[in-house]
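Report on one structure; see the data block that follows.
So that the names make sense, note that chain A is the first sequence line, chain B the second, and so on, each numbered from 1. All values below come from the heavy atoms of this structure, side chains included, with hydrogens, waters and symmetry mates left out.
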Amino acid sequence: MTDKVRVRFAPSPTGFLHIGGLRTALYNELLAKQTGGSFILRIEDTDQTRLVEGGIENIVRTMKMMGLEANEGVYLDNKDQIAERGDYGPYLQTKRKDKHTAYAKQLIEMDKAYYCFCSAERLEDLRHEQQTAGKPTMYDGKCRATPREEAEKRIANGEKYVIRLKLPKQGRITAWDVIRDDISFDWSLIDDQIIIKSDGLPTYHLAATCDDHDMEITHVIRGEDWLPSLPKHLFIFESFGWTAPKYAHLPLLLNADHSKLSKRQNDVAVEDYLNKGYLPQAIINFVALLGWNPTGDRELYSHEELILMFDLAKVNKAGAVFNLEKLDWINEHYLRSIPEDEYLALTHPYIKDLNSDQNFVDRAALLVRDRVTLPSQVAELVSTILKETVDYSQANIAWKTQPKEQAVERLEAVKKLLSDIDESSFAKREARVEHEQRIKKMIMDKGWGNGDTLWPLRVALSGQDKSPSPFELLEVLGKERSLKRLEAAISHLST
RNA sequence: GGCCCCUUCGUCUAUCGGUUAGGACAGCGGCUUUUCAAGCCGUUAAGAGGGGUUCGACUCCCCUAGGGGCUACCA
């Protein structure tokens, strides 16, 4: 036995990485990294009816994109093929079928489990009966007393069967949870859970517990929806005489109406957020703080800082509403603080076709950096600016009630002022300050107002009522484009 | 219905018996300003209810209410 922390994220490959699963994976990873332990990815694929083609690859790939890579278990090799690493494999649960079968047999030997021959129909009828009688719906224990020899004979005769846990029928069990402390349950209300299905594969309850033991998992960090089945899991550990891992049941992620986060009300796939352009570090930051906070007076943490500060015992008990406004705010923050070239790479796909001058495109993108929440939003803000010919029909070039003639006069003056500057210093990066000083000086000298000069100038350059400042626009457009637009605006006003 | 869990501003949260109950997002207001953003400053807003325990409860206990989860040969 090691005393190192060994934790696992164990999704079932039903298609995609769920945002709640991401947080579970993250908390596992944080604990592992913090303690120098192992973070294991195990795939729980025992439900053959719910397998989705490519589901495993998708989950692993998404985790990798999020910066969450398991150092043990399932991964994708350099040919993008599912592979496994580590000394506790296999890490694909169905490959462990023989182990599970053996453990189930052992439980039967120990009289901690039994064969059950009840048909799905009988079970359904039973449930229905109990329901209408207002009683708890659970297995009535019909096969519990069937002698093993008789059961084995029936199996030999080809009868279909499942294996059920033979749970105590009286007394209480008190379980301990890192987040919730003691929780106790009445054994009489807990169902004799099926652990081996009629297809021979184990259910979660057997597979997860046995695998956790075999893999020497020290902490099971999983969603709160597993809390009710904790006694069954502890029963399995106890039956084998194994030491159970520490359990930490995470509060659920919620819809706005406080129901369990669902597809109907929210995007629940991590890739949905990635596709929209949310940055991995923003999603991680956001999700980490849903249900946990190291101090309460700080919102922005890098992955490394989260690793340093994470504390499982400080995780909240109550569910957390998944609120996109905060995610937006965090994303804006990261979008503005990443290196320029990263920002450009993110926005490029949305705007690269708007103008053939890619340098122009890039600088326009930079112009609206503090106006966007998501990279895709640059397109709308920048499309008018990037068009070589500006359409003024939707814009007001003249300021407020300013006469057209006056706007023309101001534009002519600016045009004249700018035409003497040579191209290279016109468009250099620091030029916006020079443009501003120069133009404002002229306005002062002439005794004009800022508004009646700068508004027409800005709209002439951008073609938009709302846009970045004229000085920035001049710099980004460069001399030729700027002068062309001034002319165009003047002629638009003169018609 | 039964079992289990949960309950601080609209939302995410801090507080681990003594605070003017703090921060953040959103909202609102202001500053700046040629517009819109950004930025900066300010501001509205909370301990579900009722009992205890205690000199003193958001904090501990009980009850009630409300919410959620589970109740599958799914995880």
Checklist line | Ring centres under 6.0 angstrom apart (His219(A), Tyr27(A)) | finding: no
Among [options], which nucleotide has an atom closest to any side-chain atom of [X]?
X: Glu44(A); options: C73(B), C70(B), A75(B); value: A75(B)
X: Leu252(A); options: G69(B), C3(B), C74(B); value: G69(B)
X: Pro136(A); options: G2(B), C12(B), C74(B); value: G2(B)
X: Val162(A); options: U34(B), C73(B), A37(B); value: C73(B)
X: Ile183(A); options: A75(B), U35(B), C4(B); value: C4(B)
X: Trp226(A); options: U34(B), A75(B), C3(B); value: A75(B)
X: Asn316(A); options: G39(B), G67(B), A14(B); value: A14(B)
X: Lys466(A); options: C12(B), U35(B), U34(B); value: U35(B)
X: Leu227(A); options: A75(B), G68(B), C4(B); value: C4(B)
X: Arg180(A); options: U71(B), C5(B), A38(B); value: C5(B)

Which class fits the ring pair [X] and [Y]: parallel under 30°, tilted 30 to 60°, perpendicular over 60°?
X: Trp292(A); Y: Tyr301(A); value: tilted
X: Tyr392(A); Y: His492(A); value: tilted
X: Tyr204(A); Y: His233(A); value: tilted

Work out how far the [atom1] atom of [N] is from that of [M], and round it to whole angstrom.
N: G30(B); M: A38(B); atom1: C1'; answer: 16 Å
N: G27(B); M: U20(B); atom1: C1'; answer: 23 Å
N: C25(B); M: A21(B); atom1: P; answer: 22 Å
N: G23(B); M: C31(B); atom1: C1'; answer: 23 Å
N: G10(B); M: G47(B); atom1: P; answer: 9 Å
N: G42(B); M: A48(B); atom1: P; answer: 29 Å
N: A45(B); M: C9(B); atom1: C1'; answer: 5 Å
N: A26(B); M: G39(B); atom1: P; answer: 9 Å

Could you state the atom-to-atom distance from [atom1] of [X] to [atom2] of [N] in whole Å?
X: Arg8(A); N: A75(B); atom1: CZ; atom2: C1'; value: 11 Å
X: Leu230(A); N: U71(B); atom1: CG; atom2: P; value: 15 Å
X: Tyr301(A); N: C12(B); atom1: OH; atom2: P; value: 17 Å
X: Asn266(A); N: U11(B); atom1: CG; atom2: P; value: 15 Å
X: Phe286(A); N: U13(B); atom1: CZ; atom2: P; value: 10 Å
X: Glu129(A); N: G2(B); atom1: CD; atom2: P; value: 20 Å
X: Leu51(A); N: C74(B); atom1: CG; atom2: P; value: 12 Å
X: Gln377(A); N: A38(B); atom1: CD; atom2: C1'; value: 14 Å

Notebook entry, point to check: Distance from Glu436(A) atom CD to Phe471(A) atom CZ, nearest 0.5 Å?
Noted result: 4.5 Å
Notebook entry, point to check: Rounded to the nearest 0.5 Å, how far does CD of Gln48(A) lie from CG of Asp199(A)?
Noted result: 6.5 Å
Side-chain N or O of [X] less than 4.0 angstrom from OP1 or OP2 on [N]?
X: Lys314(A); N: U13(B); value: no
X: Lys317(A); N: G68(B); value: no
X: Ser229(A); N: G69(B); value: no

Notebook entry, point to check: Taking the nucleotide of RNA chain B with the closest heavy atom to each, which residue, Met138(A) or Glu224(A), is nearer the 5' end?
Noted result: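 The residue closer to the strand's 5' end, by nearest nucleotide, is Glu224(A).
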Note to self: Return whichever of Lys135(A) or Ala318(A) has its heavy-atom-nearest nucleotide of RNA chain B closer to the 5' end.
What the structure shows: Lys135(A)
If pairing requires Watson-Crick or G-U wobble contacts with both distances under 3.5 Å, which nucleotide is the partner of [N]?
N: G1(B); result: U71(B)
N: G42(B); result: C28(B)
N: U8(B); result: none
N: U19(B); result: none

So what does [X] hit on the nucleic acid, given a heavy-atom distance under 4.0 Å: a base, only sugar-phosphate, or nothing?
X: Thr49(A); value: nothing
X: Phe471(A); value: base
X: Gly291(A); value: sugar-phosphate
X: Asn450(A); value: sugar-phosphate
X: Arg172(A); value: sugar-phosphate
X: Ser467(A); value: base
X: Ser184(A); value: sugar-phosphate
X: Arg336(A); value: sugar-phosphate
X: Pro470(A); value: base

Distance under 6.0 Å and angle within 45° of the ring axis: does [X] meet both against [Y]?
X: Lys276(A); Y: Tyr273(A); result: yes
X: Arg154(A); Y: Phe117(A); result: yes
X: Arg164(A); Y: Tyr139(A); result: yes
X: Arg42(A); Y: Phe9(A); result: no

Notebook entry, point to check: In the 5'-to-3' direction, what one-character label does each nucleotide of nucleotides 18-28 of chain B receive under the scheme B = base within less than 4.0 Å of a protein heavy atom, S = sugar-phosphate only, - = no such atom?
Noted result: ----BBBSS--
Next item on the list: Let me see the working for Glu305(A) and Arg298(A) under salt bridge (charged side-chain N to carboxylate O under 4.0 Å, His left out), right down to the final yes or no.
Entry: CA-CA 12 Å; Glu305(A) 289 171 314; Arg298(A) 202 182 134 189; 2.9 Å; yes
Margin query: Suppose the criterion is salt bridge (Lys or Arg N to Asp or Glu O under 4.0 Å): which pairs have a residue in residues 444-457 of chain A, not counting sequence neighbours?
Written below: Arg410(A)-Asp452(A), Lys441(A)-Asp445(A)
